[in-house]
Amino acid sequence: MLSQISRENQQIEKATIDKIFRNIDDKKCTIFNAGAGAGKTYALILSLKYAVNTYGKMLKEHNRQIICITYTNVATEEIKKRLGNTSIVRISTIHERIWNFIHGYQKELVELHLENLIKQVDELVEQTTNQKEFELYRQLSNDDKSNFFNIMFENKDTYYKSYNLGAKDFKQALSSILGVYASLLKNVAHFKKIVNTLFRIGNYKKCIQNIHESKPGYNEVLYNVLSNRDQLHRMKISHDTLLEYGYQMIKKYDLLKRFLVDKYPFMFIDEYQDTKEIVISVMDMLQQFSVDIKHPIFVGYFGDSVQNIYEDGVGTNIGNFHSGLEVVNKEFNRRSAQEIVYVANKIRNDEIVQSSIFEDCQGGSVEFYVGDERDATDFIEKNTLNATKENPVHCFMLTNKSVAQFSGFENLYLLFSSTQYYKTYYQQLNTELLSDDPSKLGEIPLLIFRIVKFINKVRNEETSITDVLTYSIYANNNLSQVKVLVDLLKRIEGTTLLNNIQSICGFYQSEDNLSYKKVIDSLFDIDESSIVDIKRYMIQKLYPNMTEEIEDDARKNVENILNLEMNEYTRWYDYLTGNHLGNVVYHTYHRTKGLEFDNVIIVLGNSFGKERNYFNLFFKNYKDSGHLIDEDLKKYEQARNLLYVSVTRAVKNLKILYIDDVSGFSDVVESIFGEIQVYSRDN
Ligand SMILES: Nc1ncnc2c1ncn2[C@@H]1O[C@H](COP(=O)(O)OP(=O)(O)OP(=O)(O)O)[C@@H](O)[C@H]1O
């Protein structure tokens, strides 16, 4: 099955690829927008190879390169593997690339950073003048405001040490220090908001002053790949700010544009649909500029607007940000059996109607069952009896919770999802707690990920030293010093995450080993490497709008997160890093993007995330979606895209268990998936 291609189809496919090659030659910016499994990633690799073979010598002679931008680090590695070794193609995520574009222009970057700091100060000062939490603070005279700030600044240590205490103890710890300003403690949550904001303003102002005075460490902006929060006052930026700075720099400096278009005449972007608009604008700026100076570059976008599953992706709007793109289509499917392609076309229901490129494309299967949520475990068990570790069944689960439960880290998931931050930004859990790309994890999950990764590596006898220690550490120590350090790291122990962190911090305090301190400082990457600071940081991030009523719960929840067994964290870590140990592999729908599996089970239902009516909204409006507007249209398209991405991962066999009633739209379900079968545990 899926092996024989007629000469005619071969030629049609070749013509599509040739069209892309011609556009590369003619520097005609192109969008290859084709359905799932059409071979876009494959075509991208062929295009890269073509550019290398045709232009490699010239590029090398002129010290020029080809750029390929991928959506995740995982995709970067995959393309590197498939392309093979070449120094001419630079493959990376957009963040790494943008940083590479701008990091050499530190004078200009620092200027931009300074402007940003001034803007941030203005915005924070504005908050103190109009937000309700600052009401009492506003009543102070200017002298009192600065006295209050000075007192708090001098007593920063006490403030932070007391930060995690209950409201009563917190007030007690601070009231004597505050003297006449103790009345500000009336509402502890408001008080903390006031002090944190004033500290931030103070930090930013200090940083502005240090930049003006050219103090050491203030003549350079740093980007930390493994952190997703800005520390502007420390001259450190993270992902979003990096893109913003990149955009601003390229917009402002023609010389930089000139350098970039000369250096990189070919740029390829994979999964364009989920790329941020600001990135497309950067590409557009560069291309327009290249035309103006008569050194045209080639920009090629590879993707599928219907596979846009992240809200900040450009999707169908790409034309608004990069105009004049030449569209190349391909309507063959290279991945799946005909039975799956048929279902995919039906879901997509637009002008792209795929047919398999293979003559022997029959023999796959699609089965649609209706059952109960309680049937899911049984359904999966019965349908995976023949699965093996080498040939597993891949189950896409409707909820993050069930993925976590089946993968062995349900408690961790439940604790995070019950925090204030993730209750508010529920949709973010998908990426911020479950992404296989560390750069997409949330701030606290990423901190914990780093710690768990570090502990796992330290405990694993096969880990090499260079994997745990940075170059600067082992290069600045002699062998016996490195041994002392490694022995110390190996003494870190504990059965819970908290025990491990306590053990790490214990040695930090008791041992006089500078290298150890450096390793731990860069591991935690917070103000101070102490358990108090970690807790405070977790509370601040997971409860950004703290009120007195929720303070106790917040503290308890953070304690519970820390008190979870290390084994559970290791299972979460294995899940994130794709270290699958069983015959059945569980996925969130989002994580399956770009992948393909012979046998797929999808557990499906009406709701998705916090949305009660999601997939049912899609099925109900399927026959007449033209009347939908605004939120409903957005939701309809999101549900369609996610369903499309999911079913098109299957190569041969697809089984769907719908865990809600489908009677209101059974005709649509049947027209897409065929006969509806009723699943019952007793059969
Ligand atoms: N020209 C080709 N020759 C041989 N195999 C191909 C070719 N094009 C694609 N394939 C194979 O077809 C399958 C689907 O291709 P690919 O993953 O590139 O599709 P895609 O369009 O990127 O899919 P999706 O959008 O669903 O992620 C892969 O197994 C790939 O190796």
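Just so you know, ligand 1 is whichever comes first in the structure, and atom 1 is the first atom listed for that ligand. Sequence positions, counted from 1, serve as the residue numbers for this chain.
Of the N or O atoms in Ala38, one or more lie within a sub-3.5 Å distance of an N or O in ligand 1. Checked against a 3.5 angstrom limit, the closest N/O atoms of Lys40 and ligand 1 fall inside it. Ligand 1 has no nitrogen or oxygen under 3.5 angstrom from a nitrogen or oxygen of Lys330. Checking only distances, Arg335 does come within under 3.5 Å of ligand 1, N or O to N or O.
The Glu596 neighbourhood of ligand 1 comprises atoms 13 (C), 14 (C), 28 (C), 29 (O), with distances under 4.0 Å to a heavy atom of that residue. Each of the following atoms of ligand 1 lies closer than 4.0 Å to a heavy atom of Arg649: 24 (P), 26 (O), 27 (O). Per-residue contacts place Thr41 under 4.0 angstrom from the following atoms of ligand 1 (heavy atoms of the residue considered): 18 (O), 22 (O).
Distance alone, capped at 3.5 Å, places no donor-acceptor pair between the Thr399 side chain and the Met397 backbone.
The protein heavy atom nearest to atom 12 (O) of ligand 1 is Arg334 CB, 3.3 Å. What sits closest to atom 2 (C) of ligand 1 on the protein, heavy atoms only, is Tyr42 CE2, 3.0 Å.
Salt bridge annotation for Arg640-Asp350: absent, with no cationic side-chain nitrogen under 4.0 angstrom from a carboxylate oxygen.
Checking Gly39, Gly303, Ala344, Ala34 against atom 16 (P) of ligand 1, the nearest heavy atom belongs to Gly39.
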Check: residues 32-53 side-chain donor-acceptor pairs under 3.5 Å, at least two apart:
from  : atom 1 : to     : atom 2 : distance (Å)
Asn33 : OD1    : Tyr272 : OH     : 2.8
Asn33 : OD1    : Ser305 : N      : 3.1
Lys40 : NZ     : Ala34  : O      : 3.1
Lys40 : NZ     : Gly35  : O      : 2.8
Ser47 : OG     : Ala43  : O      : 2.7
Tyr50 : OH     : Arg22  : NH2    : 3.2
Tyr50 : OH     : Asp25  : OD1    : 2.9
Tyr50 : OH     : Asp25  : OD2    : 2.7
Asn53 : ND2    : Lys49  : O      : 3.3

Do Phe416 and Asn400 pass the side chain to side chain contact (heavy atoms under 4.5 Å, CB included) test, and can you show the C-alpha distance, the side-chain angles, and the key distance before you say yes or no?
CA-CA 12 Å; Phe416 270 94; Asn400 296 329; over 6 Å; no
Please determine whether side chain to side chain contact (heavy atoms under 4.5 Å, CB included) holds for the pair Leu604 and Ile659, giving the CA-CA distance in whole Å, both sets of side-chain angles, and the decisive distance to 0.1 Å.
CA-CA 6 Å; Leu604 190 65; Ile659 56 170; over 6 Å; no
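Enclosure of atom CG in Asn579 by more than 12 non-hydrogen atoms of other residues, nucleotides or ligands within 6.0 angstrom is indicated.
Because its NZ or CZ atom is not both nearer than 6.0 Å to the ring centre of Tyr310 and within 45° of the ring axis, Lys593 does not count as a cation-pi partner of that residue.
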